[in-house]
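Just so it is clear: chains get the letters A, B, ... in the order the sequence lines come, proteins before strands, and each one is counted from 1.
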Number of protein chains: 2
Amino acid sequence: MNIGQAAKASGVSAKMIRYYEETGLIPAAGRTASGYRDYSDTDVHMLRFIRRARDLGFAVAEISELLELWRDESRQSAEVKRLAQGHIAALKKKIADLQDMEHTLSMLVNSCQGDHRPHCPILQRLETDQEDENLPIQPRPGAISRPLL
Amino acid sequence: MNIGQAAKASGVSAKMIRYYEETGLIPAAGRTASGYRDYSDTDVHMLRFIRRARDLGFAVAEISELLELWRDESRQSAEVKRLAQGHIAALKKKIADLQDMEHTLSMLVNSCQGDHRPHCPILQRLETDQEDENLPIQPRPGAISRPLL
DNA sequence: TATTGACCTTCCCATGGTTGGAAGGCCTAT
DNA sequence: ATAGGCCTTCCAACCATGGGAAGGTCAATA
């Protein structure tokens, strides 16, 4: 099977297969007489493993560890579990950070009239030194027309 | 004010200030006779604006738009609101994706014994073709000891 | 005044994961 | 034989950031 067929069968692009080989994530594929890379079903299996792990957000370095454990038939499942738990913790942190951003932005968007007038609490918040959450986010009734800059 | 002082005052590193100038996000700073970049309070103000927007996860290209609106005193707040809403939508999507990953991984971790034995549903899931969520994730009582590869 | 140390300048390099393209060789079908 | 669709390698770009080298400048101190 050449690289294009392996790519289609595994869901990993030919570009990325070559990259993974170059960086040592996967062993160098065998070559045909004319220099084409040649892949077996086992190789495709491994590539699919990699793609699924990437889909779950594992970094390539982490996948490298997972692959070692995958190949090591005497591994302890605790090792794999530990890796996965570490990744879950990282995911949770990232999610929390993004949620913080989203909450702050939603607050600001809710307090923005969104009309033809120039006043905009979003820009105001970006502009001023109010780092805390207790800024006046409710649209003030008699809002001035040019509060910015 | 030289670049180090502007960096300290704005929270944007000197490296990044130069980068923002090079890429056109901010106008080129004035220079002293000896070639040092020179920053005003207004410049620092702008840099702080940029840092806060980055903290909220805006990409530099988005910040460029925000800066234009910030400088445009006749802008309509609806424009800013639209930008922010677009960013919120992107954040929500990213959060949902990460949560999907996290849920799947948590499921797998919960079904993994995490002991000295090699059997591990995490690897099994990565290895096999089960794309749907309805895979047997509960640890089976009489789990086999070498189900992999 | 000379030295020192902390700053500034530009330039290049690296990260991570992926995509794009160019130039040239190979394979297969018509 | 020719066309087109593969394959090969190499080089560059993305985004935002940090590291570091080589050389100039500034301010304070001995």
What is the nucleic acid contact for A/Ala61, judged by heavy atoms within less than 4.0 Å: base, sugar-phosphate only, or nothing?
nothing
Considering all heavy atoms, the nearest A/Gln76-B/His116 contact:
CG-O, 3.4 Å
With rounding to the nearest 0.5 angstrom, report the CZ to OG distance, A/Arg31 to A/Ser34.
10.0 Å
Quick check for you: among C/dT10, C/dG17, D/dG18, whose closest atom lies nearest to any side-chain atom of A/Val60?
C/dG17
At 4.0 Å (heavy atoms only), tell me whether B/Arg18 reaches a base, stays on the sugar-phosphate, or touches nothing.
base
Under 4.0 Å, heavy atoms only, any strand: does A/Ala14 hit a base, just the sugar-phosphate, or nothing?
nothing
In whole angstrom, what separates B/Glu22's CD from C/dC13's C1'?
14 Å
Candidate nucleotides C/dG21, C/dT9, C/dG25, ranked by approach to the side chain of B/Ile3 - the nearest:
C/dT9
Let me know the distance between CZ of B/Arg51 and P of D/dA16, rounded to the nearest Å.
17 Å
Candidate nucleotides D/dC6, C/dT10, C/dT19, ranked by approach to the side chain of A/Tyr36 - the nearest
D/dC6
Check: C/dG21 base within 3.5 Å donor-acceptor of A/Lys15 side chain:
yes
Using the rule that Ile, Leu, Val, Met, Phe, Trp and Tyr join whenever any side-chain heavy atoms are under 4.5 Å apart, tell me whether B/Met16 and B/Leu66 fall into a single cluster.
yes
Which sits closer to the 5' end of DNA chain C, A/Ala33 or A/Tyr19, going by the nucleotide each is nearest to?
A/Tyr19
Upstream residue (5' side of DNA chain C) when A/Ser34 and A/Met16 are each assigned their closest nucleotide:
A/Met16
Roughly how far, to the nearest 0.5 Å, is the CG atom of A/Asp38 from the CD1 atom of A/Ile3?
11.0 Å
